[in-house]
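These numbers come from a predicted model, not from an experiment. All heavy atoms count here, side chains included; hydrogens, waters and symmetry mates do not.
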Amino acid sequence: MKRDLVLKVLKSAVLALFIVGAGASASFAAQTTEQQSVKFESEPLSIVSAKGGMHKFTVELAATPPQLEYGLMYRDKMPADHGMLFDFGTSRPVMMWMKNTKLSLDMLFLDQKGVVTHIQENAVPYSEAIISSNGPVAYVIELNGGIVKKLGLAIGDKVTNATISAKAAK
């Protein structure tokens, strides 16, 4: 079973790299148009740590394929209490990367209930290295690099917001 999961993840990675490689020939003008056309809604999000602390953020929601693909690329800055919530619609292995992302980011990988199952701290800007969820997840939160350490966030912490709560209730 573990071998099947590894093969699934590898197939997804190869497909993602193929898709990205195919799109690399797009012109700069097309990138600029895409940047202007991808819009995100925002909502509040809270992270309750196992130690009892509550940390509040405002996150942009990435749920459509263009939003999921675009994410935080090309951003020059992000307020300390902001981030992005990627909603994959179902629980599955996820692979992220930092291509065209100027900011160092911390990534929190969440199950369907909003529990942190894996953390990647200080992802390197512009890196094309694959960052794996290390198992099925339904959501990923990207925050400014260093926030996880600063706030003492950890695996097992619980994330709540309207998007996660609505899907968990189903």
TODO: May I ask you to say whether Lys102 pairs ionically with Asp76, meaning some side-chain N is under 4.0 Å from a carboxylate O?
DONE: yes
TODO: Report the C-alpha distance between Ile47 and Phe57 in whole Å, list the side-chain angles of each, state the deciding distance to 0.1 Å, and finish with yes or no for side-chain contact (heavy atoms from CB on, under 4.5 Å).
DONE: CA-CA 8 Å; Ile47 303 174; Phe57 297 90; 3.7 Å; yes
Task: Backbone N/O of Val38 and side chain of Gln67: donor-acceptor pair under 3.5 Å - done: no
Task: Verdict with reasoning, Leu110 to Val115, per side-chain contact (heavy atoms from CB on, under 4.5 Å) - done: CA-CA 5 Å; Leu110 316 175; Val115 176; over 6 Å; no
Open item on the list: Using a 3.5 Å distance criterion without hydrogens, assess whether the side chain of Ser49 forms a donor-acceptor pair with backbone atoms of Gly53.
Closed with: yes
Task: Cluster check Val94, Leu108: I/L/V/M/F/W/Y, side chain < 4.5 angstrom - done: no
Task: For Glu60, all residues meeting side chain to side chain donor-acceptor pair (under 3.5 Å), sequence neighbours excluded - done: Arg75
TODO: Can you see which heavy atom on Leu85 is nearest to which on Tyr139, and at what distance?
DONE: CD1-CB, 3.8 Å
- [ ] Find out whether Lys56 and Ser46 are in side-chain contact, i.e. whether some heavy atom of one side chain is under 4.5 Å from a heavy atom of the other.
- [x] yes
TODO: Could you check Phe40 against Leu61 for side-chain contact (heavy atoms from CB on, under 4.5 Å), going step by step and ending with a plain yes or no?
DONE: CA-CA 6 Å; Phe40 301 92; Leu61 304 174; 6.0 Å; no
- [ ] Taking Ser104 for its side chain and Ala123 for its backbone only, find out whether a donor-acceptor pair lies under 3.5 Å.
- [x] yes
TODO: Mind checking the NE2-CG spacing from His55 to Asp81? Nearest 0.5 Å is all I need.
DONE: 13.0 Å
Task: Close side-chain approach of Pro44 to Thr58, heavy-atom, < 4.5 Å - done: no
Open item on the list: Using modelled atom types and a 3.5 Å cut-off, is there a donor and acceptor pairing between side-chain atoms of Glu69 and backbone atoms of Pro65?
Closed with: no
Task: Check: Thr163/Glu43 side-chain N/O donor and acceptor closer than 3.5 Å - done: yes
Open item on the list: Check for me, please, whether Ile141 and Val137 land in the same ILVMFWY cluster - side-chain distances under 4.5 Å, paths through other members count.
Closed with: no
Task: OG1-OH distance between Thr101 and Tyr70, expressed to the nearest 0.5 angstrom - done: 9.5 Å
Task: For Tyr126, the rest of its hydrophobic cluster, which grows through side-chain links under 4.5 angstrom - done: none
Task: CD-OG distance between Gln120 and Ser133, expressed to the nearest 0.5 angstrom - done: 11.5 Å
TODO: Determine, step by step, whether Leu45 and Thr160 satisfy the side-chain contact (heavy atoms from CB on, under 4.5 Å) criterion, reporting the C-alpha distance in whole Å, the side-chain angles of both residues, the deciding distance to 0.1 Å, and the verdict.
DONE: CA-CA 6 Å; Leu45 177 142; Thr160 58; over 6 Å; no
Task: Same apolar cluster (I L V M F W Y, side chains within < 4.5 Å links), Ile164/Val140 - done: no
Side chains of residues 142-150: which donor-acceptor partners sit under 3.5 Å, not counting sequence neighbours?
{"from": "Asn144", "atom 1": "ND2", "to": "Met78", "atom 2": "O", "distance (Å)": "3.1"}
{"from": "Asn144", "atom 1": "ND2", "to": "Pro79", "atom 2": "O", "distance (Å)": "3.0"}

Open item on the list: Through direct or indirect side-chain contacts below 4.5 angstrom among Ile, Leu, Val, Met, Phe, Trp and Tyr, which residues connect to Val124?
Closed with: none
Open item on the list: Quick test of your reading: applying side-chain hydrogen bond (donor to acceptor under 3.5 Å, both in side chains), list the pairs with at least one residue in residues 110-119, sequence neighbours left out, ordered by first then second residue.
Closed with: His118-Asn134
Open item on the list: Check for me, please, whether Leu72 and Ile131 land in the same ILVMFWY cluster - side-chain distances under 4.5 Å, paths through other members count.
Closed with: yes
Open item on the list: If hydrophobic clusters are built by linking Ile, Leu, Val, Met, Phe, Trp and Tyr wherever their side-chain heavy atoms come under 4.5 Å apart, do Leu103 and Val59 end up in the same one?
Closed with: no
Open item on the list: Among residues at least two apart in sequence or on other chains, which ones pass side chain to side chain donor-acceptor pair (under 3.5 Å) with Lys167?
Closed with: Asp87
Open item on the list: Is there a side-chain contact between Met107 and Ile119 in this structure, where contact means two heavy atoms from C-beta onward sitting under 4.5 Å apart?
Closed with: no
